[in-house]
Structures are given as C-alpha cells and as structure tokens.
Amino acid sequence: MSEFVYDPHRIEEHWQAEWVTEGLYRAREDTGKPKKYVLEMFPYPSGDIHMGHVRNYTIGDVIARQASMAGFEVLHPIGWDAFGLPAENAAIKSDSHPATWTYANIEKQMASFKRMGFSYDWDRTVKSCDVDYYRWGQWIFLKMWERGLVERKSSPVNWCPSCATVLANEQVVGDSQCWRCKSVVTKRELEQWYFKITDYAQRLLDDLDELPGWPERVKSMQANWIGRSEGAEVQFALCDEADKPTDELITVFTTRPDTLFGCTFFLLAPEHPLVARLVEGTEYASAVDEVVASAERETAVERQIGERTKHGAFTGRYVENPVDGRLVPIWVADYVLMDYGTGAVMAVPCGDQRDFEFARQYGLPIVPVVVPAEQVDAVSSAVLGAVPQEVDWEAAYPGPGTMVNSGAFSGLAGGKDSEGMHAVAAWLAERGLGRESVNFRLRDWLISRQRYWGNPIPAVHCPTCGLVPVPIEDLPVVLPMDIDITKGETLADHPEFYETTCPKCGGAAKRETDTMDTFTCSSWYYLRYTDARNDTEPFSADNANYWMPADQYIGGIEHAILHLLYSRFFTKVLQDMGMVDFPEPFTNLLTQGMVKLDGTTMSKSKGNVVAPEDMIAKYGCDTLRAYILFMAPPDKDLEWSFEGLDGMFRFLARVSRFVDDAAEEAAAGNGVAASGDPASKKLHREMHRVIGKVTDDVARFQFNTAISGLMELTNAAYDYRREVPAGERDLALQRDVAETLVLLMAPFAPHLAEELWREVLGGGSSVHLQAWPAFDASAVQSDEVQLAVQVNGKVRGKIVVAADFSEQDVIAVALTAVADWIEGKEVKKVVVVAGKLVSVVVAG
RNA sequence: GGCGGCGUAUCCGAAUUGGCACAGGAGGCGGUCUUAAAAACCGCUGGGCGAAAGCCCGAUGUGGGUUCGAGUCCCACCGCCGCUACCA
C-alpha cells in the first residue's frame with residue numbers, strides 16, 4: 001500500500017522555485033509552433049487578491065497550461081492597471097503617496113499570484129503607472145490627435161462630487177451612479193477632452209457580427225449601448241412673434257417620419273439653447289423658467305422614483321410642419337433629453353405614449369390619427385372622415401399600420417422602416433427639408449480627469465497658439481512624484497509642473513493639468529505585452545501581429561461595455577494608423593461569474609471576505625485551484641462554500657496514492673506484463689474515454705466536468721485494483737493510467753502533477769513540457785453495446801448486442817426482450833437509434 | 001416598460017446535435033479495518049415491495065403543444081437574478 005503523504009506546502013514551494021530556475025513560462029516568437037495568446041484582464045492593485053481573482057486567473061492558467069501541452073507556443077502575461085482614484089483615497093487615509101500604496105499592493109498581489117502557481121511570463125509584466133508604459137499612452141494620444149480623434153469641447157458632463165472629477169457616460173452606472181464609488185452623479189457644463197469614439201460607432205456595431213467567440217449577452221449589451229436607430233432628420237421652420245415662418249430651422253430626429261402628419265405640437269428640452277431666447281421678456285417666461293428650473297433641481301435620484309410626472313410649458317411660439325405647412329406650438333418639456341438626438345422632438349400623440357400622456361395632461365390635441373391600429377383600406381383612408389377624429393383610447397398606438405390623414409401619403413404602409421417612412425423622408429430630402437439619417441446613443445468618450453494619479457494629457461495651452469500638442473520627441477510628460485495628495489493637491493497646484501513654454505511659438509504657456517481616464521491605459525495594455533520592453537515605440541507591429549488578436553480573453557462581465565468597447569475602439573484606430581493589421585483585439589471572450597458568499601458579492605466593507613491565503617495555508621493552492629473550478633461552470637455565479645474543499649484535497653491525495661502504487665508495483669514487477677482480461681480492457685477503455693472527455697471539456701471551458709472526469713478515471717482505477725488481485729494486475733496498463741491521470745491533471749493541480757511526474761513516475765523533464773494525452777477514438781469502442789428498449793416511450797428492457805449487429809437483428813432481439821409488453825398488441829413502428837436505444841410503438 | 005439569463009436530489013451540479021434524467025462532489029446513514037477513534041477502503045442515500053437479485057411507480061418551477069421519444073424545441077404562466085430605461 002502506498003506510503004505517499006500529500007504535503008502540498010513542501011511540493012508547491014519546491015516546484016515554484018524550480019520552474020523559475022528553468023524559465024518554463026517564457027513566451028518566444030521564434031519557435032515555429034502555432035501561437036496561442038491567453039489573456040486575463042489585468043487586475044487593479046486594490047489590496048491583496050480575493051476569490052474572484054483566484055477564479056479568473058485559475059481559469060486562464062488552466063487554458064494556458066493545457067494549450068502549451070497541446071503543442072502551442074503560449075503567451076500568458078500579467079500586469080497591473082495601476083492608475084486611478086482608490087490609490088489617492090488610500091493615500092489620504094494613510095497619509096502617504098498613491099505610488100507607495102499602489103506599488104506595495106502590486107508586490108502583494110504578485111507574491112500571491114506566484115504562490116498560486118500561475119504560469120505567467122514574468123519578463124513581460126506591465127504596470128500602467130510606470131513611465132515606461134504610460135509614455136506610450138501619451139504617444140498614442142498624440143497620434144490620435146493627429147488623426148482628428150481628440151477633441152476639447154464644452155458640453156454637459158457627468159460629475160462625481162465624491163471623486164471630484166468628471167466621468168465618461170459608460171462610467172455612470174445603475175441609478176446615475178459613479179461606477180467606482182456609487183455616488184450619485186450630477187451634470188455640469190464643462191470644457192473637457194474627448195476621444196471621438198462616435199466616429200467608429202457603425203464599425204463597432206457591425207464588427208460585433210465578426211465575433212462568434214463572444215457571449216451573446218455581451219454583444220447585445222454593446223449593441224444596446226451603441227444604440228443605433230434609423231429614422232430621419234426633419235427641419236421645422238421657427239415662426240417669429242407674429243407667427244410667420246422664418247428661415248431659422250430647428251432639426252429633430254425621428255424614427256417615424258411617416259407620422260409627421262400627426263404632429264400636433266413641438267418640444268424642446270429644458271436645456272435647449274433656444275429656450276431662453278424664445279421666451280425672454282414674454283408672458284410665457286415665468287412658466288417656462290419654472291419648468292427649466294425644476295428640471296435642473298430634479299436630481300438623478302428623484303428621477304428614479306416610480307412613474308415620472310411630465311412637466312412642460314408653452315413658449316408662446318410656433319414652428320411650421322414641413323409636410324403640410326400647419327403651425328404647431330412649441331412647448332418645453334422635461335421628458336425631452338438634451339443629450340439624445342437634437343434636444344428637439346416632434347410630438348405625435350397618436351403614435352407615441354409619452355407624447356400622448358403629455359397631450360392629455362396639458363389638453364393638447366391628439367388627432368389627427370395617422371397610423372391607426374385598425375387596418376384601413378386605401379380607398380376609405382383617402383377620405384378624412386373615414387377614420388376617427390376623436391379618440392377615446394387610453395394609449396397611443398406605436399405599431400405598424402396603414403397611413404391615413406397624411407395627404408398624398410395616405411394608403412402607404414406606415415411604421416418603422418416602412419414604405420411610408422422612406423417615402424416621406426425622400427419627399428423631405430427633395431425639398432431640402434430633411435433626410436434619412438441614423439442616430440446613435442453612443443456619446444464621445446470623455447477622457448480627462450481632474451485628478452493627480454493618472455497619465456498626464458500631453459497638451460499645452462498657449463495664449464497665442466491655443467491648444468498645442470506636446471511634440472512626440474518631448475515625451476514623456478512625467479507625472480511628478482512630489483505631490484502631497486493628503487492636502488488634496490492636483491497637478492493644477494504645481495506651477496513647476498504646468499509652467500512651460502509653447503512648443504509652437506516658444507512663448508510662456510501652461511501645461512494641461514488633467515490626467516487621462518484610467519480606461520485609456522487598459523485599452524491597449526494587451527498590445528504592450530507582445531513587446532513589453534520596447535523603448536522606441538509602444539510595440540512593434542511584428543510582435544503585435546504575431547501574437548494578436550488574443551485567442552482567449554477572460555474577465556468579469558462588469559466590463560461588458562466599458563473596457564471591452566474602449567479596447568475595440570483603440571484597436572480599430574491603431575489599425576487605421578497601420579500599427580496593427582487586425583480589426584478586433586479579442587477573438588474569444590469568456591466572462592466568468594462572480595464569487596459570492598451568502599448570495600452577495602464578497603467585499604471588505606460587508607466583511608464577508610474569504611481570504612485565498614487562508615485557504616492556501618490550510619490546503620495548498622492546488623486544492624484551491626481545482627476546487628474553485630469544480631464548484632460551477634466558469635461563466636456562472638458561484639456561491640462559496642467551505643464544504644467540499646476537504647473533498648478536493650482527499651481526491652488529490654487519492655490520485656497520488658494510486659499513482660504511487662502503480663509506479664511501485666511496476667518497479668517491483670509485481671504483476672503481469674499485459675493481461676487483456678475484461679477488467680483490464682474495461683480500464684483501458686475508460687482511460688481513453690476520459691482522455692476524450694477531459695480534452696473536450698477543457699475546450700468547452702467545462703472545467704467542473706473535466707475534473708469530474710478525472711475522478712471517474714480514478715474511481716475506475718480503484719475498481720480495477722479491487723477486482724484484480726495483486727500479482728495479476730497489468731503493470732503497463734496501471735502505469736499508463738497513472739501517467740494519463742497526472743498529465744490530465746497537470747493544468748488543474750500543476751504542483752502535485754509535477755511532483756508525481758518527476759518524483760514518483762520518474763518522468764525526467766517537467767510534466768508541463770509533456771504532450772497532452774492523445775485521444776484514440778478506436779480505443780473506446782467496445783465489442784458489445786447496451787441498448788435500452790422503449791415501448792411507447794417507457795424503458796421496458798435492456799439488451800446487449802454485438803456492436804456490428806444489423807438493425808434487423810437488433811430489432812429482433814429488442815422485440816424478444818420486451819415480449820411481455822407487446823404481447824397481443826400491434827407493433828406499429830420501431831425506431832433504432834444506433835448505440836442508444838430501440839423505440840417500439842404499439843397500438844392500444 | 002425593454003433586453004437577456006436562470007429554475008434538475010438535502011446542497012453544489014452532469015446530461016454537447018431531442019434518445020436509458022441525475023455523472024462527479026458535498027452532506028447523511030451503514031459496513032470493513034482498529035482495543036477505540038481518525039484516516040483509508042467499500043456500500044446505500046426519490047417512493048413502494050423484497051433477505052437479495054430485482055420489479056413497479058413517481059419525478060427536471062406550473063399548464064399546454066410538437067414528436068416514436070422533451071430537462072433540451074414551441075406557446076402561455078409563476079418565481080428568481082442581471083443589465084437598461086422618458087432614447088423620440
């Protein structure tokens with residue numbers, strides 16, 4: 001019996017040191033092997049690693065290790081997303097510097113990653129707060145500026161009062177909350193820096209179709225966020241105080257130009273620049289001002305409470321409807337949003353529920369009805385009287401139908417993307433009063449932050465030349481370290497940083513003191529990994545094109561829009577610059593589920609954190625790695641439980657004892673060379689079945705069932721040893737099974753596998769350099785197969801027949817087996833499913 | 001309101017194109033070994049009958065449908081969870 005004692009700590013620390021010495025995980029570009037780039041989202045160094053990290057990086061490590069054994073040259077890097085606000089907050093709290101806190105946490109996490117045995121190429125590490133990294137972020141920024149993709153403009157922006165900085169649209173989450181601190185954000189009109197991601201809206205949308213390896217749900221989230229809607233721009237002429245149409249046109253966007261004849265009023269957002277001018281000094285001013293003021297007052301929180309009541313006021317002015325020349329009143333309404341479309345809306349109460357409610361509330365007309373729910377034939381619809389002129393319904397009808405009351409267009413099909421919609425748009429376009437157009441919900445990416453701990457924006461404000469980019473040869477703009485964050489200082493408090501000369505005219509000028517959104521750092525780090533020590537450019541095109549796109553990306557679903565959209569944008573920009581030759585950065589995406597405790601996400605503030613280091617101390621990292629994968633499929637949320645950890649440890653020890661016994665018996669010659677008895681045949685078949693299963697499961701990321709496959713093979717090995725007495729066992733087979741188990745286990749429990757491979761099985765070089773076991777389909781074939789026999793859908797018998805039996809013979813055997821059930825009944829039909837079952841249908 | 005996901009044993013979970021529902025683990029019960037315990041190994045763990053082999057019945061949130069056959073496909077409903085939201 002095996003004397004093997006599983007001592008994870010000795011084994012794990014020993015082999016971790018050995019692997020470093022042997023340089024096992026260095027990725028090379030010149031091996032001639034097919035490449036595989038396995039990438040996990042780099043962590044933010046907010047403290048030591050938690051169970052979510054363990055799960056994320058273990059998944060990546062298993063994929064990387066298995067790919068390597070399967071013959072790929074694997075790039076598996078790690079780095080840190082190290083700029084950002086938590087470092088500033090922590091620095092204030094601990095009276096230190098953000099850099100101190102950040103680097104200390106990076107060290108801590110790095111040590112934990114090494115203790116977990118992750119197979120990273122440590123020579124390619126990236127820390128985004130290192131000047132060697134962020135200088136190239138500045139470089140890319142300047143190249144984007146050259147291409148007209150950088151813009152400084154004034155507009156209403158999201159402001160987080162707690163973080164004291166502006167936020168991009170994507171960083172406002174939930175109920176108008178800051179993505180990081182969850183404070184409610186407010187709106188402010190500010191001049192800020194933007195990346196013109198909207199220039200890429202269509203491509204970002206279209207190319208989602210080129211990503212079959214991404215989860216449907218992530219793609220649909222991105223598509224919704226980009227929010228493409230087709231419709232038309234329509235120009236309404238503003239009337240003067242005497243209600244005479246002027247040359248001044250107000251543009252609206254509508255998805256339903258076919259309902260233009262049903263427009264009975266016109267709406268402006270409270271923030272619309274025209275509002276003040278229209279009502280200034282008129283009797284309408286006070287009512288309108290009140291709506292504007294209440295909209296301003298209304299915080300994001302209040303807007304979330306239940307059904308919102310709409311508020312509005314008449315401006316006293318009119319616009320002319322371009323299709324029929326009717327004048328309709330202009331109202332200000334707080335349900336019109338300034339930051340979607342044009343901030344002006346044509347109201348069609350019969351077709352839009354919001355307009356309908358507003359009309360009811362303020363006694364505005366709802367008729368004419370232009371696209372009613374009932375089908376109206378073309379002839380009767382030509383007659384105005386044939387359709388209701390008064391409505392008694394309680395809701396608008398937004399669906400498709402036949403256009404009525406619509407002049408020459410009556411009788412056409414109306415609705416989204418309808419004949420009528422295109423006809424009206426074309427009619428408008430001919431007269432210069434509108435055109436078909438597409439509107440996106442996506443806004444430009446606001447990238448400037450009024451914070452210290454970030455990548456400085458390389459720009460200079462010159463009183464004579466205006467905004468001037470820092471010349472590329474002057475990079476980097478180094479983030480100064482002598483800043484006292486505890487006093488709330490930013491770069492704007494440091495003249496020695498911002499006082500400079502204009503690169504263009506040489507006159508005195510001021511450096512930009514905003515830093516870039518940290519999401520700019522994370523939008524290209526995966527490219528830097530391909531050439532991490534390049535000091536003449538961000539990365540060489542050769543290296544990037546060799547490794548990229550990343551074959552497998554792994555990270556949390558919370559980045560479905562933010563990081564993943566920005567990275568796709570950067571990649572497309574870099575492709576347009578000729579720096580890379582691919583349009584998408586990540587071929588396959590795996591979004592792993594959260595690790596929860598008692599149904600909620602683990603967090604320090606809730607005090608429900610399970611520390612990985614405690615688990616490692618008790619069981620070793622191999623048990624923890626295998627256990628967290630075994631608990632649930634990777635994309636599902638996982639409820640942490642301590643029960644079962646012991647079981648995983650027991651399993652690893654159980655495998656070890658079998659491997660030890662098999663090796664010992666083989667060495668001692670205590671058995672037979674090759675037996676070929678039924679028990680051996682069965683074990684041999686089971687071994688190959690499991691090779692096939694585990695290989696397939698890993699490819700499908702079903703790590704939980706892959707591990708259960710290992711348990712099945714282990715159980716089969718124990719069955720064999722119980723059924724066949726010592727001395728009669730097939731030594732070669734036992735050893736074969738032992739080696740197979742160790743090889744299949746290597747990605748999951750890399751240290752124990754290494755110990756068993758090198759020390760117990762005497763395998764020589766590392767188990768992680770061995771070839772993945774080859775699946776032999778023919779070895780799984782059995783001479784006989786068992787089939788279930790169903791009668792009218794219920795299993796009534798089992799038969800065992802030769803694998804090569806003809807269908808006719810199978811049916812004959814099957815009918816005999818269920819004779820009792822079909823006796824005296826008419827057999828109407830027999831279905832044979834090869835290798836599975838026989839289904840007999842009888843009458844009565 | 002919209003979009004998406006989920007619902008299988010006491011618990012976590014298998015079941016890849018429709019084909020013997022519940023693999024694997026946890027927990028529970030029992031056995032072997034032992035003076036005893038732990039560990040290890042073995043068995044049982046939906047209900048009924050049976051000493052056992054086995055036989056019968058029930059069962060994938062609920063109700064329908066398609067099919068020789070449905071956890072899987074279709075329709076409706078219930079429950080839970082995400083994301084999004086006056087998007088014109």
Side-chain angles (χ1 to χ4, degrees), chain A residues 1-2 173-176 215-221 223-225 227-229 231 252-256 259 267 269 303-304 307-310 333-337 339-348 351-355 357-358 398 439-441 557-558 560-561 593-594 599 627 630-633 635-648 650-651 653-654 657 693 696-697 699-700 702 704-712 714-715 718-719 721-722 786-798 828-842:
Chain A
M1 284 301 277
S2 170
V173 301
D175 300 339
S176 294
E216 216 42 59
R217 130 177 115 125
V218 173
K219 287 192 279 187
S220 107
M221 282 165 88
N224 287 340
W225 185 261
R228 183 181 199 271
S229 38
V252 302
F253 174 77
T254 177
T255 55
R256 293 292 303 277
T259 63
L267 299 168
R303 272 191 240 151
Q304 296 307 317
E307 287 284 291
R308 286 179 221 172
T309 327
K310 296 171 173 52
D334 61 1
Y335 70 96
V336 179
L337 308 174
D339 53 11
Y340 183 78
T342 62
V345 171
M346 61 176 235
V348 182
D352 183 283
Q353 185 59 23
R354 292 156 302 170
D355 297 342
E357 285 166 16
F358 192 78
N439 194 57
F440 290 96
R441 209 188 78 113
I557 185 76
E558 67 272 20
I561 295 169
M594 287 183 292
Y627 179 61
F630 183 61
M631 288 177 85
D635 55 330
K636 285 205 176 152
D637 284 355
L638 175 159
E639 175 68 29
W640 177 264
S641 155
F642 292 94
E643 293 175 1
L645 255 173
D646 282 318
M648 185 53 68
R650 277 200 296 268
F651 165 66
R654 181 171 155 93
R657 283 190 302 272
K693 176 185 169 57
D696 190 40
D697 284 350
R700 293 188 303 135
Q702 295 290 313
N704 52 335
T705 54
I707 291 169
S708 76
L710 296 178
M711 291 170 170
E712 283 163 9
T714 307
N715 291 344
Y718 274 79
D719 288 346
R721 292 176 62 73
R722 198 170 57 253
Q786 193 194 53
L787 303 178
V789 186
Q790 295 183 340
V791 179
N792 286 351
K794 286 198 183 280
V795 178
R796 297 300 184 190
K798 302 257 169 106
K828 300 184 79 174
K829 189 174 180 180
V830 181
V831 180
V832 178
V833 183
K836 304 264 186 191
L837 53 71
V838 180
S839 180
V840 183
V841 187
V842 296

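In this text, all values refer to a predicted model and were calculated from it rather than measured experimentally. Just so it is clear: chains get the letters A, B, ... in the order the sequence lines come, proteins before strands, and each one is counted from 1.
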Arg354(A) side chain near C87(B) phosphate (N/O to OP1/OP2, under 4.0 Å):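 Checking Arg354(A) against C87(B): at least one side-chain N or O falls below 4.0 Å of OP1 or OP2.
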Partner set under ring-ring contact (aromatic ring centres under 6.0 Å, His included) for Phe651(A), not counting sequence neighbours: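 Not a single residue meets the ring-ring contact (aromatic ring centres under 6.0 Å, His included) criterion with Phe651(A).
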Test ring-ring contact (aromatic ring centres under 6.0 Å, His included) applied to Phe630(A) - qualifying residues, sequence neighbours left out: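 ring-ring contact (aromatic ring centres under 6.0 Å, His included) list for Phe630(A), sorted by chain: empty.
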Quick check: do [X] and [Y] have side-chain heavy atoms less than 4.5 Å from each other?
X: Val831(A); Y: Val838(A); answer: no
X: Met631(A); Y: Lys636(A); answer: no
X: Val789(A); Y: Arg796(A); answer: no
X: Met648(A); Y: Ile707(A); answer: yes

5' priority, RNA chain B, between Val336(A) and Ile561(A) [closest heavy atom]: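 Per heavy-atom nearest nucleotide, the more 5' residue is Ile561(A).
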Pairwise 5' ranking along RNA chain B for Arg650(A) and Gly343(A), keeping only the more 5' one: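 Result of the comparison: Arg650(A).
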RNA chain B: stems of at least 3 consecutive Watson-Crick or G-U pairs whose donor-acceptor distances fall under 3.5 Å: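 Paired runs of 3+ in RNA chain B: B:1-7 with B:78-84, B:10-12 with B:24-26, B:27-32 with B:40-45, B:46-49 with B:54-57, B:61-65 with B:73-77.
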Polar-atom pairs under 3.5 Å, protein N or O versus N or O of nucleotides 57-62 of chain B: list them with distances, or write none.
from   : atom 1 : to        : atom 2 : distance (Å)
C57(B) : OP2    : Arg796(A) : NH1    : 3.2

For Thr342(A), all residues meeting side chain to side chain donor-acceptor pair (under 3.5 Å), sequence neighbours excluded: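 Residues passing side chain to side chain donor-acceptor pair (under 3.5 Å) with Thr342(A): none at all.
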Lys693(A) with Asp696(A): basic N within carboxylate O range, under 4.0 Å: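 Not counted as a salt bridge, because no side-chain N and carboxylate O are separated by less than 4.0 Å.
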Sugar-phosphate, base or nothing in reach of Gly644(A), heavy atoms under 4.0 Å: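 Here Gly644(A) touches the backbone only, sparing every base.
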Euclidean distance for C1', U60(B) against C6(B) (whole angstrom):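 Their C1' atoms lie roughly 14 Å apart.
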Reading 5' to 3' through nucleotides 3-22 of chain B, protein heavy-atom contacts under 4.0 Å coded B for base, S for sugar-phosphate only, - for none: -S-------SSSSB--BB--
Nearest-Å distance for atom pair CG/C1', residues Asp646(A) and A38(B):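 Those two atoms, CG and C1', are 13 Å apart.
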Spacing of Arg441(A) atom CZ relative to U84(B) atom C1', expressed in whole Å: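 These atoms are roughly 8 Å apart.
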Per Arg654(A) side chain, nearest of listed nucleotides G25(B), A88(B), C42(B):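 Nearest to the side-chain atoms of Arg654(A), counting from C-beta on, is C42(B).
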